[in-house]
**Student:** 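Can you read through this structure? Questions will come right after.
Residue numbers begin at 1 in each chain, while the letters A, B, ... track the order of the sequences.
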Amino acid sequence: MDLTDDSDDMAPIPLSQRAMVNRSAPYLEGLNAAQRAAVETLDGPVLLLAGAGTGKTRALTTRIAHLLMLGKARPGQILAVTFTNKAAREMKERIARLLGEVVEGMPWLGTFHSISVKILRRHAELIGNGELHLKPSFTILDTDDQVRLLKQLISAENLDEKRWPARQLAHLIDGWKNRCLTPAKLPKGEAMSFDGWGGRLYQAYQDRLLTLNAVDFGDLLMHCVTMFQAHPDVLKQWQERFRYILVDEYQDTNVAQYMWLRLLAQAHQNICCVGDDDQSIYGWRGAEVGNILRFEKDFPGAQVIRLEQNYRSTPEILSAASGLISANAGRLGKTLWTEAEPGEKVRLIGHWDSEAEARWIGEEIEAFQGGHRAAIGRVSLNDIAILVRASHQMRAFEDRFMTIGLPYRVIGGPRFYERQEIRDAMAYFRLVVSPADDLAFERIINTPKRGLGDKALQTIQTVARQNGVPLLEGARVVIEEGHLGGKGLSNLRDFVAGVGRWHADALDDRENHVGLAERILDESGYTAMWQNDKSPDAPGRLDNLKELVKALEEFDNLQGFLEHVALVMDRDEGEAAEEVSIMTLHGAKGLEFPVVFLPGWEDGLFPNQRAMDENGTKGLEEERRLAYVGITRAERLATISFAGNRRLYGQWQSSMPSRFVDELPPEHVEVLTPPGLYGGGYGAAMAFAGANAGTDMHNRAAHADVYNSPGWKRMQARATERKAPVQRKSITIDAEPAARFAVGDRVTHARFGEGAVMGIAEDTLTVQFDSGGFKNIKAAYIQPIGGTDDVPF
DNA sequence: TCGGATCCGATTTTT
DNA sequence: TCGGATCCGA
């Protein structure tokens with residue numbers, strides 16, 4: 001990447017184009033009043049509250065086009081931030097379309113991370129710890145490398161991996177960096193995390209990153225913010241550059257991103273944040289709804305524009321979703337409306353078990369294909385989505401659809417660049433391009449098996465450290481000085497010689513990098529490793545490797561490819577075939593489908609038990625927003641379902657319909673009679689009871705009486721005689737101080753059973769359950785044994 | 001060093 | 001149930 005050339009950023013729009021704008025602005029036609037205001041209120045802070053399906057992306061991209069056309073800013077002076085690469089790509093395409101491909105790209109339209117990288121590369125030397133400084137060529141560590149590095153540091157401190165798992169530490173560090181905090185600045189309770197080792201390991205980790213000239217994802221944002229804070233002159237330069245700032249999905253910003261934005265927006269104050277507090281579903285990874293709620297305080301004089309006309313869904317779907325979300329407190333409040341023709345009510349159906357649920361949905365989809373639903377019209381499989389809360393729910397559908405031969409695609413599985421074989425191959429390329437990449441070296445030194453295990457690696461590491469050189473260099477010394485013997489030695493010699501040879505070839509301009517990549521994989525024996533592998537997925541992996549090599553064609557050299565992959569970890573989504581989409585609710589955000597199935601609405605699964613245990617009312621509300629997101633994905637028909645019994649971890653568990661079912665406004669919901677329950681309540685009830693009796697007798701939850709659940713009663717009542725539904729207030733559990741507990745107390749939890757309190761932090765208890773394992777749970781969900789406190793559970 | 005046996009734990013996931 | 005991490009014997 002060229003670090004100095006700004007000419008592209010600053011290219012003005014050709015005069016002729018601007019002249020055209022003065023005559024007319026065709027892209028403004030067809031916008032409603034609110035959208036138009038969102039586009040034309042250009043100066044000063046703007047908060048755009050855009051409900052689901054209200055044309056937010058259109059408003060946002062038109063706004064950018066308008067800025068350019070009016071000559072308010074050149075492309076290089078507009079900062080537009082998204083959360084995913086996909087969103088950034090889509091925005092670029094839309095802008096190009098609006099402008100008739102006038103503007104050559106938007107250099108500062110991208111994700112928080114990709115933009116931070118561009119900024120950091122120009123000021124890398126300002127980041128450091130006094131002795132060591134980052135170099136502009138720094139590499140970006142992904143989560144996998146991050147964890148491996150932490151593992152090393154943990155064992156270097158002689159800590160037990162079991163008690164202090166690297167993954168958990170990585171998660172903690174992420175959380176700190178999300179908030180631009182170092183362990184020293186953490187609030188009291190948190191500072192002790194990882195048993196007091198957190199701070200020390202954090203320091204060691206950051207130092208190690210500097211030595212490796214690497215940053216992790218969290219650093220990208222945090223370094224930017226700290227750098228801006230420490231160097232006002234640099235900050236000023238960037239503030240002046242970005243005359244207009246736009247932020248998509250503002251409700252998903254975390255504290256670090258919020259600080260980053262505030263710093264950059266301070267000079268011009270032309271910041272337009274677009275978001276929907278009702279669609280904030282990423283609290284668990286650091287998103288702060290508070291950012292959107294206090295926008296007006298942060299930017300005094302901010303204009304708030306609401307986009308409330310929905311263009312996506314039928315009135316029934318919209319009303320059902322609105323009714324549900326109204327149970328949440330502290331919303332900014334929007335009233336979505338639509339001019340769309342009435343359609344079908346949201347359908348609700350209960351099933352005996354998860355298999356029946358999958359079977360029924362499969363049959364429904366087949367019926368659509370047969371064109372049996374005139375009200376909806378012809379539906380292609382691509383128009384249908386099944387949105388689940390947890391990915392383990394997907395299996396039932398995959399199994400069923402496989403048997404009946406219904407084509408489906410699972411969206412969101414392991415990404416292309418996260419697959420083992422791809423990461424291995426990438427490590428080879430990384431090592432060839434930068435021989436000092438120790439993490440890459442460690443990953444592939446014994447892949448394929450070269451008889452170089454832990455012992456050999458340790459020897460190399462020791463020698464490398466003694467000589468102060470990278471591992472590859474250390475390996476050379478090991479060979480020369482003969483610290484290793486036998487087969488390992490000769491294999492190591494071949495490996496080191498190979499890397500040296502490929503490295504030289506990579507520097508040779510005449511060598512084609514695609515051919516080189518192929519040769520690396522062949523000569524190293526990596527391809528052969530999978531060819532000899534008998535497992536059923538080996539052929540697929542070989543295909544993936546071929547695809548990887550093919551992807552290289554689009555780049556000038558290996559270096560450029562690696563730079564791209566570190567940040568843009570996306571793969572092509574084959575849209576060619578007719579397939580039903582199966583994905584998680586989180587994965588469905590921002591998408592829309594004519595027909596949507598929402599299975600698994602059972603208490604414990606959705607709302608998810610753990611979300612409620614760990615975050616109390618807050619967690620429940622986030623689950624409810626997730627339900628809202630789910631329903632609002634549907635354009636014409638939404639079908640919610642729940643199952644009385646579900647196989648979880650190989651055991652049958654029965655559960656009650658979700659409390660969200662009770663919160664749906666009855667007038668917009670049609671209750672369907674489950675297929676197995678024709679012929680009267682008794683037979684059906686017996687079937688249910690039988691299923692319950694057959695489950696684990698020791699599991700108290702298994703005996704929960706499905707028929708006493710309000711959701712179920714209501715279903716029965718309405719299916720037979722259309723009585724007014726039993727209205728139940730949703731259970732709200734206020735965060736309760738943990739004061740009534742002390743460490744060592746015996747306690748009980750509705751799901752996990754009995755245990756002992758091991759730690760207390762604010763209103764959260766760490767409990768070791770007799771069934772094994774620690775859990776962090778809000779005190780409100782825990783009952784002291786022998787106590788009389790009434791816990792609503 | 002490597003492979004098979006065994007034990008453990010199990011949301012959501014982008015960059 | 002199933003995938004992984006870990007343990008242990010050859």
**Student:** Starting at the 5' end of DNA chain B and moving along, which residue's nearest nucleotide shows up first, A/Thr584 or A/Gly451?
**Tutor:** A/Gly451
**Student:** Ignoring hydrogens and angles, are the base of B/dT11 and the side chain of A/Arg389 linked by a donor-acceptor pair under 3.5 Å?
**Tutor:** no
**Student:** Can you check the A/Gln168 CD to B/dA10 P distance for me, whole Å?
**Tutor:**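 To the nearest whole Å, that distance equals 10 Å.
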**Student:** Using whole Å, report how far CG of A/Asn178 lies from P of B/dT13.
**Tutor:** 17 Å
**Student:** Would you call A/Arg179-A/Glu288 a salt bridge at under 4.0 Å N-O?
**Tutor:** no
**Student:** Could you state the CG-C1' distance from A/Asn254 to B/dT13, rounded to the nearest angstrom?
**Tutor:** 14 Å
**Student:** Using whole Å, report how far CZ of A/Arg646 lies from P of C/dT1.
**Tutor:** 17 Å
**Student:** Counting side-chain heavy atoms from CB outward, which of B/dT11, B/dT12, B/dT1 is closest to A/Arg610?
**Tutor:**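 It is B/dT11.
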**Student:** For the pair made of CD in A/Gln393 and P in B/dT12, what is the distance, rounded to whole Å?
**Tutor:**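 Computing the A/Gln393:CD to B/dT12:P distance gives 9 Å.
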**Student:** Below 4.0 angstrom from OP1 or OP2 of B/dT12, is there any side-chain N or O of A/Ser391?
**Tutor:**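 Affirmative; the distance criterion is met.
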**Student:** Nearest-Å distance, CD1 (A/Ile411) to C1' (B/dT13)?
**Tutor:** 15 Å
**Student:** Could you tell me whether the side chain of A/Thr143 has a donor or acceptor atom within less than 3.5 Å of a complementary atom in the base of B/dT15?
**Tutor:** yes
**Student:** Does this structure show an ion pair linking A/Asp145 with A/Arg430, if we count only N-O contacts that are shorter than 4.0 Å?
**Tutor:** yes
**Student:** I want to check one thing: is the phosphate of B/dT15, taken as OP1 and OP2, less than 4.0 Å away from some side-chain N or O of A/Asn85?
**Tutor:** yes
**Student:** For A/Phe606, enumerate each residue passing the ring pair (Phe, Tyr, Trp, His ring centres under 6.0 Å) test, keeping only those at least two apart in sequence or located in another chain.
**Tutor:**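 Per chain and number, A/Phe606 pairs via ring pair (Phe, Tyr, Trp, His ring centres under 6.0 Å) with A/Trp601, A/Phe660.
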**Student:** Looking at B/dC2, B/dT15, B/dT14, which one has an atom nearest to any side-chain atom of A/Arg285?
**Tutor:** B/dT14
**Student:** When the nearest nucleotide of DNA chain B is assigned to A/Glu622 and to A/Asp454 on a heavy-atom basis, which residue is associated with the more 5' position?
**Tutor:** A/Asp454
**Student:** Any idea which of B/dT12, B/dT1, B/dT14 is nearest the A/Lys455 side chain?
**Tutor:** B/dT1
**Student:** Would you please confirm or rule out a distance under 4.0 Å between OP1 or OP2 of C/dT1 and any side-chain N or O of A/Arg395?
**Tutor:**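 No, outside the criterion.
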**Student:** Not counting sequence neighbours, which residues clear ring pair (Phe, Tyr, Trp, His ring centres under 6.0 Å) with A/His586? List them please.
**Tutor:**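 With sequence neighbours excluded, A/His586 shows a ring pair (Phe, Tyr, Trp, His ring centres under 6.0 Å) to A/Tyr282, A/Trp284, given in chain and number order.
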**Student:** Rounded to the nearest angstrom, tell me the gap between atom CG in A/Leu620 and atom C1' in B/dT12.
**Tutor:**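 Going from CG in A/Leu620 over to C1' in B/dT12 covers 15 Å.
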**Student:** Between the side chains of A/Asp216 and A/Lys177, is the shortest nitrogen-to-carboxylate-oxygen separation below 4.0 Å, so that they form an ion pair?
**Tutor:** yes
**Student:** Within the distance-only criterion (no hydrogens, no angle test), does the side chain of A/Arg389 pair as donor or acceptor with the backbone N or O of A/Leu605 below 3.5 angstrom?
**Tutor:**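 Between the backbone of A/Leu605 and the side chain of A/Arg389 there is no qualifying donor-acceptor contact (under 3.5 Å).
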**Student:** Can you tell me which nucleotide in B/dT11, B/dT14, B/dC2 comes closest to the side chain of A/Ala390?
**Tutor:**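 When the side chain of A/Ala390 is considered, B/dT11 is the closest of B/dT11, B/dT14, B/dC2.
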**Student:** Rounded to the Å, how far apart are A/Arg167 CZ and C/dG3 C1'?
**Tutor:** 13 Å
**Student:** Would you say a side-chain N or O of A/Tyr417 is under 4.0 Å from OP1 or OP2 of B/dT14?
**Tutor:**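 No.
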**Student:** Are C/dC2 and A/Tyr649 stacked, with the base six-membered ring and the side-chain ring centres under 5.5 Å apart and planes under 30°?
**Tutor:**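 By the stated criterion, A/Tyr649 and C/dC2 do not stack.
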**Student:** Select base, sugar-phosphate, or nothing to describe what A/Asp216 touches, counting heavy atoms under 4.0 Å on all strands.
**Tutor:** nothing
